[in-house]
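Everything on this sheet refers to the single structure shown next.
These figures come from a predicted structure and were not determined experimentally.
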Amino acid sequence: MNGVSYGLICQELERGDSGLRSFVSVQSSLCMYPIHTYGSEEQKQKYLPRMASGEVIGCFGLTEPHGGSDPANMKTHGKRRGRDWVLNGAKMWITNSPIADLFVIWAKTEEGIRGFLVEKGTKGLVAPEIEKKFSLRASITGAIFLEDVVVPEENMLPGSVVGIKAPLSCLTQARYGITWGVIGAAQRASSRCSTIRSRAYCSPAAGSHADDPDPARGHGAQDHHGPVAVAATWPLKDAGTMSPSHVSLAKWNNCRMALDVARDARDILGGSGISAEYVPIRHALNLESVITYEGTETIHQLTIGRELTGISAF
């Protein structure tokens, strides 16, 4: 499929729930992508067909407990021991980790940051679930703890560029899906709100002057931000010229739009807006996570600022 096909799939999935699209983003963009791009032929043959069928579930271990926005400062490290590597460290807020069969772990080595494929059941690897979340409740989220985890040399991703560039390239792919996905969340929150108000007044929601600005703002935002996903990313992705800055702009822009639309929809429903009977509050709470992961607004603002001025403020 091309980029727009993948984007539309993400959009439809997130109309249901951001947690479902998150699962797909992790499995495809964060786990299958690095194996496909940086893995050996043996690794590709071993894992990709079974990951495509859903037989093997993956997770992406980059974010750490001390902070997610500074991955270059990771504490997880890998040291050579003969033909093997020994990994120690911790990862946090990892989608799928409690149910994962394969862990894509990024660790700092003497050579720089490298990627490793660690299979479930490896001694010293544990992945407890994070509970009591108010956001992304349909997504299984956990931590990863590595204590003297032995990984054979053949499980290191051999084609990855030493340093932070390889894991960040995976995030670029995931942000592309997010850019499209959040449009679906906004559409669902807005359309559900309009339907409820129509029933309440036995007339179109737009017939109430008090509510005129809100549906208009919601649909206007979608009309404006939807093309941002297409114009800023899709042709470039399929041409192989999409840069991280293109995706940063679209992800930042569309996530903010979607969150604003969901909040407006919640507001229009009044007291009923906080009830789980209606979808806007669920989408709004989910989007609080989506606007944070794969780069917070601040990170994307700094990225765009660097692109425009040539000066890094990171």
Enumerate donor-acceptor pairs with a distance under 3.5 Å from any side-chain N or O in residues 124-134 to protein atoms, sequence neighbours excluded.
unit_1 : atom_1 : unit_2 : atom_2 : d
Lys133 : NZ     : Leu136 : O      : 2.8
Lys133 : NZ     : Ser139 : O      : 2.7
Lys133 : NZ     : Thr141 : OG1    : 2.8

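Qualifying side chain to side chain contact (heavy atoms under 4.5 Å, CB included) partners for Thr309, counting only residues two or more places apart in sequence or in other chains: Ile311. Take Glu110 and apply the side chain to side chain contact (heavy atoms under 4.5 Å, CB included) test, not counting sequence neighbours, and it matches no residue. Not a single salt bridge (Lys or Arg N to Asp or Glu O under 4.0 Å) links Glu307 to another residue, sequence neighbours left out. Remark: Leu48 pairs with Met32, Ile35, His36, Lys44 by the side chain to side chain contact (heavy atoms under 4.5 Å, CB included) rule, at least two apart or across chains. Under the side chain to side chain contact (heavy atoms under 4.5 Å, CB included) criterion, Leu285 pairs with Ile281, not counting sequence neighbours.
Applying the ring pair (Phe, Tyr, Trp, His ring centres under 6.0 Å) test to pairs two or more places apart or on separate chains, those with a residue in residues 76-95 are Trp85-Phe116. Every pair passing salt bridge (charged side-chain N to carboxylate O under 4.0 Å, His left out) that includes a residue from residues 149-178 is listed here, sequence neighbours excluded: Arg80-Glu153. Judged as a ring pair (Phe, Tyr, Trp, His ring centres under 6.0 Å), not a single pair has a partner in residues 255-276 (not counting sequence neighbours). Among residues at least two apart or in separate chains, there is no ring pair (Phe, Tyr, Trp, His ring centres under 6.0 Å) pair with a member in residues 247-277. Residue pairs meeting the side chain to side chain donor-acceptor pair (under 3.5 Å) criterion with at least one member in residues 99-108: none, sequence neighbours excluded. Listed by first and then second residue, the side chain to side chain donor-acceptor pair (under 3.5 Å) pairs that reach into residues 54-68 are Glu64-Thr76, Glu64-Lys91, sequence neighbours excluded.
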